[in-house]
Structure formats: C-alpha cells, structure tokens
Protein chains: 2
Amino acid sequence: MRIGELSRRTGVSPRALRYYEEQGLLTPARRPSGYREYEERDVTTVRRVQVLLSAGLGTSVIAEIVPCADDPDVVLAGRCPELLDGLAQERARITAAIDDLAAARDILDSLVGRPL
Amino acid sequence: MRIGELSRRTGVSPRALRYYEEQGLLTPARRPSGYREYEERDVTTVRRVQVLLSAGLGTSVIAEIVPCADDPDVVLAGRCPELLDGLAQERARITAAIDDLAAARDILDSLVGRPL
DNA sequence: CTTGACTCTCACGTCAACGTGAATGTCTAG
DNA sequence: CTAGACATTCACGTTGACGTGAGAGTCAAG
C-alpha cells in the first residue's frame with residue numbers, strides 16, 4: 001500500500017510516516033517511481049510506535065525496539081537481551097512519570113479543596 | 001534572598017526563575033541595583049510550579065493558579081471560581097495521561113514477555 | 001582599590017515530533 | 001490526453017521551557 005492508505009488506516013499523517021522512516025522506524029520498499037510501498041505489518045508497527053511515543057520514548061529508543069518485535073506472533077522479548085536493561089529503565093521512567101502526575105493531581109485537588 | 005540562593009534551595013536554575021517571572025509566576029521585588037529580592041514563600045511557590053509543570057500544565061495556566069493559592073494556610077479553592085472549570089479539565093487531562101502511560105507500560109511489559 | 005563571585009538584560013540556540021508550503025513528478029479514470 | 005488526486009524531495013516554521021554566552025553592572029572581602 002502507499003503512504004496515503006497507511007495514513008488513513010493508522011490516523012498518522014504522511015509527514016509523520018516519512019519522519020518515522022527518516023528515524024529508522026519504518027523501511028518501506030520503493031517503487032520505480034520512488035513511491036513508498038508499505039506492508040500490512042507496517043500498520044501494526046505504526047500503532048505500536050504511536051503508543052510508545054505517547055509514553056515518552058524517543059524515536060531512537062523505539063528504533064531499537066521495533067526490529068526486535070518484528071514478529072507480532074512471537075511477540076517475545078529475549079530476542080534482544082541487550083535491550084532489556086534500557087527497557088527496564090524506560091519502564092521505571094514511566095512509573096515515575098505516573099507517580100509525578102498523581103502527585104500533581106493531588107496538588108490540584110488540594111487547591112480545589114477536595115480532601116486527599 | 002537573591003536569585004542564587006533561591007536557585008540552590010529549589011534546585012531550579014536562575015535562568016528558569018527569571019523565566020518564571022517573565023511568565024508571571026513570580027513577582028520578586030527589586031533592589032535599587034536591580035537585583036531580584038525573593039521572599040521565603042517563593043520557595044514553596046517554585047516547588048509547586050515545578051510539580052505543575054511536570055504535570056504538563058502550561059505556564060499560562062499556572063500563572064492563573066498561583067495567585068489564587070498565595071496563602072498556603074487557607075489553601076482554599078473557591079477564591080477563584082472561574083478557574084474551577086479549567087482545573088477540572090486539567091485534572092481530567094492528567095488522569096487521561098496516567099491511563100496512557102499505564103497502557104504504554106503494559107505494552108513494554110508484553111514486549112519483555114512479562115504477562116499482563 | 002581590586003579581585004572574584006554574583007547579578008543584570010538582551011538575544012540567539014536547543015530539542016522533538018512533526019506542520020506547512022513550494023516546486024515537481026506519477027498514476028488512473030474518463 | 002488530460003485533469004485531478006496522490007506522491008516525491010527539500011527546507012523553513014512551530015511550540016515550550018528553558019540553555020548559553022555576551023557585555024556590563026554590583027557587592028563583600030582583603
């Protein structure tokens with residue numbers, strides 16, 4: 001499929017999809033015309049990328065993750081052992097971020113007079 | 001106290017403190033020399049600002065909140081009724097952000113093979 | 001009086017994930 | 001064959017919360 005269809009099916013702008021390629025998150029084939037040709041699995045990849053981005057992961061980190069999880073069935077992990085450390089760190093970062101948000105929400109609540 | 005001490009006591013850079021003033025989050029007095037003179041309560045204010053910033057609130061929103069909570073004892077809320085709506089929205093935003101982060105964390109876990 | 005730490009005000013630089021044209025080429029339906 | 005939708009590659013613009021000098025004034029200590 002071409003970039004427009006992938007864009008519609010994922011809700012991600014063509015510009016963003018080209019940006020993902022520039023960052024190494026996607027590597028679509030090219031037609032003789034230069035048009036990008038995407039695969040079905042790229043739909044899944046793009047969705048996964050979106051979630052990870054919203055989690056605050058940078059494109060460089062995601063670029064390391066994506067190829068390790070290229071088989072959606074096996075979904076496994078031990079494939080890229082050297083990533084486990086980094087992923088654990090990211091997980092900790094996310095947990096910390098959640099805690100921070102909860103703390104900020106508590107502050108808002110106290111400002112509004114809602115008891116903790 | 002001057003900007004350096006406030007910086008040390010809050011862990012916030014002088015540049016950031018000047019930025020906060022520019023955004024209306026702080027309004028320190030000035031010495032004849034032009035030096036900023038901060039009060040004790042500014043330490044608390046800065047810390048609160050930090051938490052709210054980390055929660056994703058913009059400086060303009062915080063600028064509206066800070067003066068309404070200037071009395072840390074009264075901590076009350078109804079003082080600025082017109083803010084309640086906005087704050088409720090922000091609260092919802094924070095809650096949504098927490099949910100997103102939790103979802104992303106679950107995805108990371110599934111990638112690592114950890115069961116949900 | 002001078003040194004050094006501290007402060008001041010511009011004002012441009014940074015980073016991330018794109019948005020937004022501009023100029024041009026490709027494809028497909030009538 | 002031609003119009004229109006869709007694609008390409010630059011390349012600069014955006015947003016927020018600051019970082020980073022530059023050039024100059026201030027202040028306490030020796």
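Order of the sequence lines fixes the chain letters, A, B, ..., with proteins taken first and strands second; residue numbering starts at 1 for each chain.
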Measure across [X] and [Y] and return the closest heavy-atom pair with its distance rounded to 0.1 Å.
{"X": "B:Leu87", "Y": "A:Leu108", "result": "CD2-CD2, 3.9 Å"}
{"X": "A:Ala97", "Y": "B:Leu101", "result": "CB-CD1, 3.8 Å"}
{"X": "A:Ile3", "Y": "A:Tyr38", "result": "CA-CE1, 3.7 Å"}

Select base, sugar-phosphate, or nothing to describe what B:Ile62 touches, counting heavy atoms under 4.0 Å on all strands.
nothing

Residue mapping more 5' on DNA chain C - nearest nucleotide basis, B:Arg30 or A:Ser60
B:Arg30

Would you check if [X] and [Y] make a side-chain contact, meaning some heavy-atom pair closer than 4.5 Å?
{"X": "B:Gln50", "Y": "B:Tyr20", "answer": "yes"}
{"X": "B:Thr45", "Y": "B:Leu26", "answer": "yes"}
{"X": "B:Ser7", "Y": "B:Leu17", "answer": "yes"}
{"X": "A:Arg2", "Y": "A:Arg36", "answer": "no"}

Output the distance between atom OG1 (B:Thr44) and atom CD (B:Glu39), rounded to the nearest 0.5 Å.
12.0 Å

Hey, what do you get for CD (B:Glu90) to CD1 (B:Ile94), rounding to the nearest 0.5 Å?
6.5 Å

Nucleic acid contacts - residues 93-102 of chain A versus DNA chain D, non-hydrogen atoms under 4.0 Å:
none

Can you tell me the distance, in whole Å, between the [atom1] atom of [X] and the [atom2] atom of [N]?
{"X": "A:Leu6", "N": "D:dC6", "atom1": "CG", "atom2": "C1'", "result": "15 Å"}
{"X": "B:Gln23", "N": "D:dA17", "atom1": "CD", "atom2": "P", "result": "7 Å"}
{"X": "A:Met1", "N": "D:dC6", "atom1": "CE", "atom2": "C1'", "result": "16 Å"}
{"X": "B:Leu52", "N": "D:dA17", "atom1": "CG", "atom2": "P", "result": "12 Å"}
{"X": "A:Ile3", "N": "D:dA5", "atom1": "CD1", "atom2": "C1'", "result": "15 Å"}
{"X": "B:Glu22", "N": "D:dG19", "atom1": "CD", "atom2": "P", "result": "13 Å"}
{"X": "B:Leu17", "N": "D:dA17", "atom1": "CG", "atom2": "C1'", "result": "13 Å"}

Closest to the side chain of B:Tyr35, out of D:dA7, D:dT9, D:dC27, is D:dC27

If each of B:Leu57 and B:Arg2 is mapped to the nucleotide of DNA chain D with the nearest heavy atom, which maps nearer the 5' terminus, i.e. the 5' end?
B:Leu57

Output side-chain donor-acceptor pairs under 3.5 Å for residues 53-68 of chain B, partner residues at least two apart or in another chain, one line each.
unit_1: B:Ser54; atom_1: OG; unit_2: B:Val51; atom_2: O; d: 2.7
unit_1: B:Thr59; atom_1: OG1; unit_2: B:Gln23; atom_2: OE1; d: 3.3

Taken in chain and number order and not counting sequence neighbours, the residues that satisfy side-chain contact (heavy atoms from CB on, under 4.5 Å) with B:Arg9 are B:Met1, B:Glu5, B:Glu40, B:Val43

Under 4.0 Å from OP1 or OP2 of [N]: is there any side-chain N or O of [X] that close?
{"X": "A:Arg36", "N": "D:dC6", "result": "no"}
{"X": "B:Ser13", "N": "D:dG19", "result": "yes"}
{"X": "A:Ser33", "N": "D:dT8", "result": "no"}

Pair B:Glu21-B:Arg30, salt bridge (Lys or Arg N to Asp or Glu O under 4.0 Å): steps then yes or no
CA-CA 12 Å; B:Glu21 179 181 7; B:Arg30 295 296 186 121; 3.3 Å; yes

What N/O pairs connect the protein and nucleotides 28-30 of chain D at under 3.5 Å? Give each pair on its own line.
none

Would A:Arg47 and A:Thr10 count as having a side-chain donor-acceptor pair, cut-off 3.5 Å?
no

Atom pairs, protein N/O to nucleotides 10-13 of chain D N/O, distance under 3.5 Å:
none

Taking any atom closer than 4.0 angstrom to a non-hydrogen atom of chain A, what span of DNA chain C does the protein reach, first nucleotide to last?
C:dA17 to C:dC27

Are more than 12 heavy atoms, taken from residues, nucleotides or ligands other than A:Glu37, located less than 6.0 Å from that residue's CD atom?
yes

